[in-house]
Amino acid sequence: MDRHYNHQKIEQKWRDVWEKNKLSTADLSSKDKYYCLDMFPYPSGDGLHVGHWRGYVMSDFYARYQMLLGKTVLHPMGFDAFGLPAENAAIKHKSHPKKFTDNAIESFTKQLNQLGACFDWSKRVVTSDPEYYRWTQWLFLQFFKHGMAEKRKSLVNWCPNDQTVLANEQVVNGCCDRCGAKVTKKELSQWYLKTSEYAQELIDGLEQVKWPERVKSLQRNWIGKSVGVELAFKIKDSASEIPVFTTRIDTIFGVTAIVLAPEHQLAKELVVPERSDGFQEYLQTVSAKTNVDRAQAKESEKTAYETGSFAIHPLTNKEIPIYVADYVLLEYGTGAVMCVPAHDERDYQFAITHKLPIKPVIEPETGEVLDNEEFRESIIAIVEDPTTGKFLTLNWGKELGGRLFIGGGRDNNEDAEITARREIAEETGYTDLELIGQTGTLHHHYRAYSKGVNRIIDVTGLHFRLKSKKQDPTKLEDNEIDKFKIEWLTKSEVERLIVDESHILSFHFLVNKQIYTDKGRLTDSGSYSGLSSDEASEKITNDLEKKKLGKAVTTYRLRDWLVSRQRYWGAPIPIVYDPQGQPHPVKDEHLPLRLPEDVDFLPGGESPIARSAEYKERAETLYGKGWYFDTDTLDTFVDSSWYFLRYLSPTDEKQAFDKKTVNDWLPVDLYIGGIEHATLHLLYARFVTRFLAKHGYIDAKITEPFMQLYNIGMVNLHGSKMSKSKGNVVSPDPLIEHYGTDALRGYELFMGPMEIDVEWNPRGISGIHRFLIRLYKLVEKVSDSAKPSDELNNYLASIEPMIAEFRLNTVVAEAMKLINNWEKFETISRGDFQKFIITLSPIYPFLAEELWEKSFSSNYPGSVFAASWPKATTIERLKTIKVLINQKFIATVELTANDEESAVSAALQDPQVEKTLLNRPIIKRIYKPGEVLNLIVSG
RNA sequence: GGGCGAGUGGCGGAACGGUAUACGCGGCGGACUUAAAAUCCGCUGCCGAAAGGCUUGUGGGUUCAAGUCCCACCUCGCCCACCA
C-alpha cells in the first residue's frame with residue numbers, strides 16, 4: 001500500500017472499477033427523481049478547456065450529492081451537433097460535415113470522460129443523428145398541424161457572410177452573432193413558429209421558476225411588453241386612417257405631427273404627387289442604411305420627409321402634418337407614431353430639426369400628495385453669472401433645507417418676474433438682471449416644517465443673467481440675510497448639491513434645456529386639463545373606446561421565431577409542396593426526411609440542398625410529378641429546444657418522447673450553463689414546452705421545463721474569455737497529469753463563487769493538491785477508540801446551507817479548515833472520518849473512493865457512492881458568548897445557563913474583563929442570547 | 001439614454017447586524033537535500049521599535065453595535081438600446 005498520495009494510480013484504479021459497475025445509469029421508473037442537466041455542448045473540435053470544466057464539475061457535484069441523499073438521479077450528456085462550424089469546416093477541408101462532427105464527438109467524449117463525472121451515457125442524444133432529427137421534424141409538424149408554424153413573406157435579417165437568414169435573437173447590435181458581419185434586410189418567404197402568441201404566458205411563467213433575477217429580467221425585456229392605446233388618425237380628404245400606438249395617451253393634446261416608418265404601406269399613397277420624386281430619393285437613402293446605421297444615428301441626424309398630407313386630430317379636429325422618418329420602426333407597434341415633441345426625447349429632436357411646433361401638455365408634479373394642503377404660488381429664481389458660468393445659491397444649512405436657489409411666495413396675481421426680482425434684491429442685493437428663460441407651472445407637494453403645514457405650490461422657474469455685479473444694500477432684508485450663506489456653484493456642483501426636486505427640475509429645464517418626459521398634471525388638454533397623467537390616461541382611453549376611435553392594447557417586442565435556414569447541416573424542413581406550391585406535411589412514414597448526400601455545401605443564397613438532384617427525385621417518387629420538398633433546414637435552436645425530453649427515451653423508435661416518463665421527470669430540477677443562452681435557447685425551450693403542454697403532448701401542468709437555472713461564470717485568462725483563436729486556452733491535460741483529476745475538480749469549485757467570472761491562476765491548484773496530500777495521510781490517524789468530535793459536526797452543519805445556496809467555494813474551504821484542525825489530533829474517530837469522506841466524494845470522487853476503502857479495517861461495504869449523506873446532529877453545548885466593553889471585543893466566555901444574569905456574572909469572572917473594567921460602573925448592558933454581551937461603561 | 005450587478009490585504013476571495021480579512025495563492029524565515037523541485041513547520045492587512053492606533057470606494061444617517069440596513073455621490077463591469 002502506498003504511503004504517499006499517488007493520484008495517477010488511484011484515479012486509474014477507480015476508473016476501471018466504475019467502468020465495470022456502472023452506477024450512473026438512471027432507472028427512470030423510480031419515483032424519487034432528480035434531473036440534473038447540463039447545457040449540452042456543440043462538439044467544436046477545439047476541445048474542452050478548464051473553463052468548460054467548471055459547469056460540468058458543478059453539475060456532477062449536485063448529481064452525486066443528490067444520489068447520496070437517496071434520489072434517483074438523471075445526469076445525461078449529449079451533443080448539439082448540427083450547425084454552421086461543421087459545415088464551414090467541411091467546405092474548407094473538402095470533406096463532409098458528418099465526418100467532421102463524428103470526429104469532434106469522439107474526441108469530446110474522451111475529454112468529457114476525463115472529468116470523472118457520473119454522466120449517464122446510455123441516455124446520450126446527438127441532434128444530427130437521423131434517429132433524433134426524425135423527431136425534430138415531427139415536432140415541427142406538430143406546430144404546423146396546430147397552425148403555429150406558418151410560411152410568410154417578409155423582410156428578414158440576412159447575413160451576407162453566412163448566406164442565411166437569422167432570427168431576431170441572433171442579431172446582436174445589428175451584426176450576425178456568429179460571424180459578426182453586418183446584417184442586412186432581405187424579403188424572403190420563410191417559415192415562422194408563432195412565439196409571439198405565447199408572449200404573455202412566457203412572461204407569467206417566469207414567476208414559477210427559481211432562476212437568477214438577471215436572466216428573468218433579460219427575458220422580460222426581450223419579450224418587451226408595453227401597455228398602451230392604439231388609435232386611428234383620419235386622413236384629410238381620404239377614406240384611409242393611420243393607426244398609431246402610444247403608451248402615453250395622456251399627451252394626446254400635444255401631438256404636432258404624425259410620423260410613419262418609411263416602409264409603411266400607407267406612406268406611398270400619403271405623399272402628395274408633387275412631392276413624390278423627393279420621396280423616392282428619401283426611400284433610397286433610408287434603404288442604403290443598414291439597421292446598425294439607423295440604430296446608431298445621432299439624435300441630431302433624425303432624417304424625415306414631409307408627405308404633404310394631413311391627419312385630423314381625433315379630439316381637437318385640428319390638422320396635423322404627416323411625415324415619414326426612419327426613427328420610426330415598421331416592426332414595432334403599428335409602424336406609426338403620434339409625435340409629441342414636448343414630452344418625448346426623440347419626437348423633440350425630430351421637431352427641432354424640422355421646425356415643428358412644440359406644445360407642452362404635461363406639467364411636472366413633484367413630491368407626495370399630502371393631507372390638508374395649503375395652496376400657494378411661488379417662484380424659483382436661477383441667477384447665472386455669465387463671467388464665471390456659476391449659479392447663485394443660498395445655503396440655509398441642514399435644518400432649513402440645505403442649498404437652494406432663491407425662492408419665494410408670490411402674492412395674488414403678482415407677476416412672476418416682479419416677484420423674482422424683488423426676492424433676489426431682498427436676499428442678495430443684485431438688481432441689474434436680464435430674464436432669459438421661464439418655465440411653465442410646476443406643481444410641488446411638500447411639508448413646510450418651519451411653518452408646520454403641508455403645501456401644494458405652483459412654481460414658476462425663472463432664469464436670470466447677471467448684467468453687472470452691482471448690489472444695492474438698501475434693498476436687503478435684514479432679518480433674513482443672517483440665516484443663509486450665498487454660494488456661487490458650478491453646474492456640476494448644482495447638480496450634485498441641490499436636492500430639492502422642484503429646484504433641480506427647474507434647473508434642468510432652464511439651463512440644461514431638458515424636456516419633461518415623466519408623468520405629471522395635464523394642461524391645455526381640453527376637459528382633461530388638471531387631471532393627473534394616470535387619471536387622464538384612463539379617461540381618455542375610455543372616451544376613445546366609446547367613440548370607437550381607439551382601444552387599449554398590449555404590444556410585445558417579441559417577434560415570431562424564424563426557423564428556416566439556407567444551409568445544409570441541419571434538419572430538413574419536413575414540408576413538401578404540391579405542383580401549385582401549396583405546402584403539405586411530409587408523411588409520417590417518410591420521416592426522417594434525410595439530408596441528401598449529393599451536394600456540395602457551398603452557400604449561395606439558397607440552400608445547398610436545392611441543388612440536389614436526388615432530393616428532387618425523391619419528392620417526385622414519393623408524392624408524384626411536380627411535387628418538391630422545402631430545401632431549407634431548421635434553425636439548430638429547434639434541435640436544442642426539446643433535447644431534454646429526448647434524454648428520457650433516447651432510443652424510442654415509436655415516439656419523440658414517452659409522455660408518462662416526461663410527466664414524471666419534468667421539470668428539470670437543476671439546469672447548469674452559461675448566461676449566453678439567456679434569451680435564445682432558454683426562451684425557445686420554454687416556448688416549445690408550453691406548446692407541448694397546451695396541446696396535450698405532455699401534462700398540462702408542466703409549463704416550465706427548467707425549475708432551477710444556474711449560470712456558471714466564465715474562466716478568463718489575461719482578462720478575456722478563453723478561445724483558441726486568441727491562444728489563451730488552458731488545457732486540463734497537464735494539470736490532470738501533474739495534480740490529478742480530483743485536484744482540478746476541487747480547484748474549479750474553489751476559484752470563486754460559481755456565478756462569477758474568474759481569472760485563471762496557474763498556481764492556485766497547488767493549494768488543493770496539498771490539501772489532498774494531507775487528507776491522504778490523515779487516514780493513518782483513524783482509530784476505533786477515538787470519540788466523535790464537534791469539529792465534524794460543525795463542519796456538517798455549516799456546509800449544508802452552503803450547498804443549498806450553490807456556494808461551493810466555501811464548501812471546499814470548510815473541508816480544509818476541518819483537516820487543519822484534525823491534523824492536530826492524535827487520533828480521529830473512524831465514523832467521523834468516513835462521514836467526512838462521504839461529503840468529499842462529490843468533489844473528489846477518486847480519492848474519496850480510495851480513502852473510503854482504506855478507512856475500513858474490515859467489512860468494506862463497497863463504493864462510497866452507495867453510502868448516504870451524513871446529517872449534522874444537534875449537540876447540547878455550553879453557550880459561548882463574546883463579551884464586549886464599550887463596543888470593543890474583550891473575551892469569549894462559557895455560560896452555564898443561557899440568560900442575561902449568568903452571562904454578566906460569567907463575564908465579570910473573566911480576568912481580561914476585570915482588567916478592562918477597572919471597577920467602573922456598568923451604565924448599560926446589551927445581551928443577545930448565544931451571541932454577545934456588550935457592557936457600556938463610562939470613561 | 002434605460003436596466004441590473006459589483007467595489008474588502010500583494011492576488012482569488014470569507015464573513016445569520018455582533019472579534020473584518022476565514023480558506024487558498026503569493027511572499028518571508030526555517031527543516032529535509034550536495035543542490036534544486038516536491039514536501040513539511042512558522043510568520044504574513046496597514047502604520048509603529050513597542051504600547052497602541054488605523055482599515056471593507058467617498059460622504060452622511062439609523063443602531064449599544066454597520067463590510068452588511070437607509071440616503072447621496074464616485075468608479076468599474078454586464079445587458080438592452082431611436083420600442084413610441
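Just so it is clear, the values below take in all heavy atoms, side chains as well, and ignore hydrogens, waters and symmetry mates.
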Proximity to the side chain of [X] - top-ranked nucleotide from [options]:
X	options	answer
A:Tyr332	B:rG13, B:rC83, B:rG18	B:rC83
A:Arg346	B:rG18, B:rA22, B:rC82	B:rC82
A:Trp222	B:rA81, B:rG24, B:rC79	B:rA81
A:Lys882	B:rA22, B:rG18, B:rC25	B:rG18
A:Arg763	B:rG18, B:rC40, B:rA38	B:rA38
A:Val337	B:rA84, B:rC79, B:rG18	B:rA84
A:Arg557	B:rU19, B:rC80, B:rG24	B:rC80
A:Arg774	B:rC25, B:rC82, B:rG24	B:rG24

field: Of A:Asn221 and A:Val932, the one whose closest RNA chain B nucleotide lies more 5'
entry: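 The residue closer to the strand's 5' end, by nearest nucleotide, is A:Asn221.
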
query: What pairs with A:Lys781 under side-chain contact (heavy atoms from CB on, under 4.5 Å), at least two apart in sequence or on another chain?
result: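 Here the qualifying residues are A:Leu778, A:Ile828.
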
B:rG9: syn or anti, per glycosidic angle within 90° of 0: syn

query: What integer distance in Å separates A:Ile926:CD1 from B:rA66:P?
result: 12 Å

query: Which residues pass the ring-ring contact (aromatic ring centres under 6.0 Å, His included) test with A:His677, sequence neighbours left out?
result: A:His681

